[in-house]
Chemist: 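This is the structure I want to talk about, given as structure tokens.
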Protein chains: 2
Amino acid sequence: MTNHIKVERAIKNITQEELARQIGVTRQAINSIELNKYVPSTLLALKISRYFGKTVNEIFSLEDSD
Amino acid sequence: MTNHIKVERAIKNITQEELARQIGVTRQAINSIELNKYVPSTLLALKISRYFGKTVNEIFSLEDSD
DNA sequence: TCTTTATGTAATTTATATATTACATTTGGA
DNA sequence: TCCAAATGTAATATATAAATTACATAAAGA
């Protein structure tokens, strides 16, 4: 699984810290998710989805390895 | 957060066990998710999304309490 | 170059998702 | 009514998400 949160952040021009604040998690959580260090919960994905105004499927996607 | 996996299953007319098998988790995992006992990972949500041919956002949704 | 801001990373701890095994309950059909 | 399938539930174990704290690095501007 991968994601393009980094791109979405770039579009909105906000930092990891600001996104973390808006979503209600730590900056490290956002950083780790961006770098695919772990898979976020669906709750978190939905909050990110809501913040960026895009579906979870538009932001996160399955890979062949999944 | 809530979901209507149960409805999607009813539409496809499959059991929790069959869905679990298709997705690659245990039946208890599906059961617990349907009953909102815990929040699945985004990976699992995407697999469920793919299986039902609907977006994660169509199947899972945030509630006021989230 | 110095400073600041953003990002990457690492260790430890805590909460919780998921597996496993097993049993109870419900439901629908024969 | 009986039986079987489907679903609900529970206990324990394991894996991992996320918090916390802290430090290192990178980048960009003064």
Side-chain angles (χ1 to χ4, degrees):
Chain A
M1 203 195 72
T2 190
N3 70 82
H4 34 80
I5 294 175
K6 194 167 196 164
V7 174
E8 298 298 334
R9 273 201 308 108
I11 293 171
K12 281 222 172 195
N13 193 33
I14 57 162
T15 65
Q16 291 180 345
E17 188 156 31
E18 176 61 14
L19 176 59
R21 219 178 47 72
Q22 297 281 342
I23 302 301
V25 292
T26 61
R27 177 181 69 78
Q28 283 77 355
I30 297 295
N31 184 267
S32 296
I33 293 164
E34 275 194 9
L35 300 181
N36 294 305
K37 291 205 179 156
Y38 61 65
V39 174
S41 71
T42 300
L43 181 60
L44 220 170
L46 282 174
K47 287 181 179 177
I48 291 171
S49 162
R50 177 174 59 185
Y51 180 80
F52 288 124
K54 304 205 171 172
T55 66
V56 170
N57 299 67
E58 284 170 331
I59 301 169
F60 296 87
S61 47
L62 292 173
E63 287 178 306
D64 295 340
S65 53
D66 295 322
Chain B
M1 203 195 72
T2 189
N3 69 82
H4 35 78
I5 293 175
K6 194 167 197 164
V7 173
E8 297 299 335
R9 271 200 311 108
I11 292 172
K12 282 224 172 194
N13 192 34
I14 56 162
T15 65
Q16 291 181 345
E17 189 156 30
E18 176 61 13
L19 177 58
R21 220 179 47 73
Q22 296 283 341
I23 302 300
V25 293
T26 62
R27 177 181 68 79
Q28 285 77 355
I30 297 296
N31 184 267
S32 296
I33 293 164
E34 275 194 9
L35 301 180
N36 293 305
K37 291 205 180 157
Y38 62 63
V39 175
S41 72
T42 300
L43 182 59
L44 221 170
L46 283 173
K47 288 181 178 176
I48 292 171
S49 161
R50 178 175 59 185
Y51 180 80
F52 287 123
K54 303 203 173 174
T55 66
V56 169
N57 300 67
E58 283 169 331
I59 301 169
F60 296 88
S61 47
L62 292 173
E63 288 177 305
D64 295 340
S65 53
D66 295 323

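Here is the naming used below: chain letters follow the sequence lines, and residue numbers restart at 1 for every chain. Since this is a predicted model, take the numbers as computed values, not measurements.
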Chemist: side-chain hydrogen bond (donor to acceptor under 3.5 Å, both in side chains) with B/Thr26: which residues, sequence neighbours excluded?
Modeler: none
Chemist: Measure from CD1 on A/Ile23 to P on D/dA19 and round the result to the nearest Å.
Modeler: 12 Å
Chemist: Say whether B/Ile23 and B/Tyr38 are linked into one hydrophobic cluster, either directly or through other cluster members, by side-chain heavy-atom distances under 4.5 angstrom.
Modeler: yes
Chemist: Between residues 29-37 of chain B and DNA chain D, which residues have a heavy-atom gap below 4.0 Å?
Modeler: B/Asn31, B/Leu35, B/Lys37
Chemist: Just grab all the salt bridge (Lys or Arg N to Asp or Glu O under 4.0 Å) pairs involving residues 18-32 of chain A, residues at least two apart or on different chains.
Modeler: A/Glu18-A/Arg21
Chemist: Would you indicate, yes or no, if D/dA17 has its OP1 or OP2 atom less than 4.0 angstrom from a side-chain nitrogen or oxygen of B/Ser41?
Modeler: no
Chemist: Mind listing the residues from residues 51-64 of chain A sitting with a heavy atom below 4.0 Å of DNA chain C? Number order is fine.
Modeler: none
Chemist: Rounding to a whole Å, what distance do you find between A/Arg21:CZ and D/dA19:P?
Modeler: 15 Å
Chemist: Could you state the CG-C1' distance from B/Leu44 to D/dA15, rounded to the nearest angstrom?
Modeler: 14 Å
Chemist: With sequence neighbours excluded, tell me which residues meet side-chain hydrogen bond (donor to acceptor under 3.5 Å, both in side chains) with B/Ser61.
Modeler: none
Chemist: Could you tell me which residues satisfy side chain to side chain contact (heavy atoms under 4.5 Å, CB included) with B/Asn3, sequence neighbours excluded, listed by chain and number?
Modeler: B/Ile5, B/Ile33, B/Asn36, B/Phe60
Chemist: I'd like to know if the side chain of B/Thr42 and the backbone of A/Val39 have a donor-acceptor N/O pair within less than 3.5 Å.
Modeler: no
Chemist: Using a strict heavy-atom distance below 4.0 Å, which residues from residues 1-14 of chain B are in contact with DNA chain D?
Modeler: B/Lys6, B/Arg9
Chemist: Any base atoms under 4.0 Å from A/Thr26, or only sugar-phosphate, or nothing? Heavy atoms, all strands.
Modeler: base
Chemist: Tell me which of A/Arg27 and A/Gly24 sits closer to the 5' end of DNA chain D, going by the nucleotide each one is nearest to.
Modeler: A/Gly24
Chemist: Evaluate whether atom CD of A/Glu17 has more than 12 neighbouring non-hydrogen atoms of other residues, nucleotides or ligands under 6.0 angstrom away.
Modeler: no
Chemist: Rounded to the nearest 0.5 Å, what separation is found between the CD atom of B/Gln16 and the CG atom of B/Leu35?
Modeler: 7.0 Å
Chemist: Figure out the CG/P separation between A/Leu43 and D/dA19, and round it to whole Å.
Modeler: 11 Å
Chemist: Under the salt bridge (Lys or Arg N to Asp or Glu O under 4.0 Å) definition, can you give me all pairs with a residue in residues 57-66 of chain A, not counting sequence neighbours?
Modeler: none
Chemist: Shorter than 3.5 Å, N or O on both sides, protein versus nucleotides 25-28 of chain D: list them out with atom names.
Modeler:
none

Chemist: Please report the end-to-end axis angle for the helix from C/dT1-D/dA30 to C/dA30-D/dT1, five pairs per end, rounded to 10 degrees.
Modeler: 50°
Chemist: Reading DNA chain C from 5' to 3', where do the contacts with chain A start and stop? Cut-off is 4.0 Å to heavy atoms.
Modeler: C/dA6 to C/dA10
Chemist: Apply side chain to side chain contact (heavy atoms under 4.5 Å, CB included) to the pair B/Val25 and B/Ile30, showing each step before the final yes or no.
Modeler: CA-CA 7 Å; B/Val25 293; B/Ile30 297 296; 3.8 Å; yes
Chemist: Show which side-chain atoms of residues 45-52 of chain A pair as donor or acceptor with protein atoms under 3.5 Å away, not counting sequence neighbours.
Modeler:
residue	atom	partner	partner atom	Å
A/Ser49	OG	A/Lys54	O	2.5
A/Ser49	OG	B/Asn57	ND2	2.9

Chemist: Between A/Gln28 and A/Thr42, just flag the one whose closest nucleotide in DNA chain D comes earlier from the 5' side.
Modeler: A/Thr42
